[in-house]
Q: 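Before I ask anything, here is the structure I am working with.
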Amino acid sequence: EKGLKSIIVFGIPAEDTKDEIATPDYSSTGIVQKAVRRLKKETDLVVITDVCLCQYTSHGHCGMIVENDDTDDGIEILNDESLPYIAKVALSHAQAGADIVAPSDMMDGRVKAIRETLDENGFYNVMIMSYSAKYASAFYEPFRVAACSSPHAGDRKSYQMDPANAVEAIRECELDVIEGCDFLMVKPALPYLDVVRMVRDEFMLPLVAYNVSGEYAMLVAAIEKGFLTEKAILEALLSIKRAGADLIITNFAPYLLLNEMI
Ligand SMILES: [Zn+2]
């Protein structure tokens with residue numbers, strides 16, 4: 001009613017439904033699939049779904065894992081073995097009515113795997129918003145706490161990007177473009193505005209910047225303490241736009257709509 005046009009859906013399934021192979025993630029009666037069906041039936045929203053395994057695996061990783069004593073934390077993430085599962089999740093979201101699927105796992109080759117699976121099943125028009133340049137960032141913390149999605153052992157550094165590396169973002173985006181993605185993304189946004197600008201200058205695809213939970217929490221906390229006024233919100237989001245983002249995923253959307261800022 002206030003003018004929201006699109007939404008991205010994340011699932012938080014019941015703890016006791018999780019297993020090693022993320023079964024509730026691609027079930028037609030899964031929490032996201034049910035939500036998408038209702039959203040498409042009852043609203044005109046463009047519905048985007050987050051596609052990943054971590055919320056649904058008992059170990060909390062974004063891919064399949066195997067024990068490996070040669071690694072520091074005793075486990076190894078299996079890239080190629082994870083791809084069919086990720087593609088299955090995307091297909092189940094498309095079958096539920098999602099307009100855009102957004103893979104956030106950062107496994108190599110997942111855009112291609114998803115595109116092929118969607119096309120084979122007739123979902124040519126479902127678009128892929130790839131989390132192309134996703135950094136291993138401390139700014140995800142509030143979301144992880146809210147979604148209980150921290151890995152039980154190890155971290156995500158083997159598949160997320162090193163914050164010190166800007167050039168790798170271009171390589172990651174290039175691969176996603178070759179594999180057939182429809183949107184590129186940089187995540188987080190504010191601490192990576194240089195990367196947003198770099199990707200904008202290099203590629204012609206629509207660019208999404210993800211203003212993550214830590215960026216949101218920082219501003220909200222400062223405003224609550226009286227250190228900043230609400231004016232800082234729009235200024236921060238404008239800087240993301242100025243850096244070259246076409247779309248911004250942000251928890252501030254309700255605030256902007258309420259204040260008729262978009
Ligand atoms: Zn994940």
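Indexing begins at 1, ligand by ligand and atom by atom, following the structure's order.
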Q: Return each pair, listed once, that meets side chain to side chain donor-acceptor pair (under 3.5 Å) where at least one residue sits in residues 191-202; pairs must be two or more places apart or across chains.
A: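 Matches after skipping sequence neighbours: R197-D201, R200-D246.
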Q: Could you list the donor-acceptor pairs under 3.5 angstrom formed between side-chain atoms of residues 252-262 and any protein atom two or more places apart in sequence or on another chain?
A:
{"unit_1": "Y255", "atom_1": "OH", "unit_2": "E230", "atom_2": "OE1", "d": "3.1"}
{"unit_1": "N259", "atom_1": "ND2", "unit_2": "Y255", "atom_2": "O", "d": "2.8"}

Q: Are K187 and Y140 in a cation-pi setup, meaning NZ or CZ lies under 6.0 angstrom from the ring centre and within 45 degrees of the ring axis?
A: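 Geometry flag: set, cation within 6.0 Å and 45°.
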Q: Decide yes or no on salt bridge (Lys or Arg N to Asp or Glu O under 4.0 Å) for K40 and D99, but give the supporting numbers first.
A: CA-CA 9 Å; K40 290 310 289 184; D99 300 290; 2.7 Å; yes
Q: Can a donor-acceptor pair be found between the side chains of S132 and D176 at a distance below 3.5 Å?
A: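 Result is yes, a qualifying pair exists.
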Q: Give me the protein N, O or S atoms that fall under 2.8 Å of the Zn ion (ligand 1), sorted by chain and residue number.
A: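 Protein N/O/S atoms under 2.8 Å of the Zn ion (ligand 1): C52 SG, C54 SG, C62 SG.
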Q: Which residue pairs pass the side chain to side chain donor-acceptor pair (under 3.5 Å) test with at least one member in residues 73-83, sequence neighbours excluded?
A: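 Matches after skipping sequence neighbours: N68-E76.
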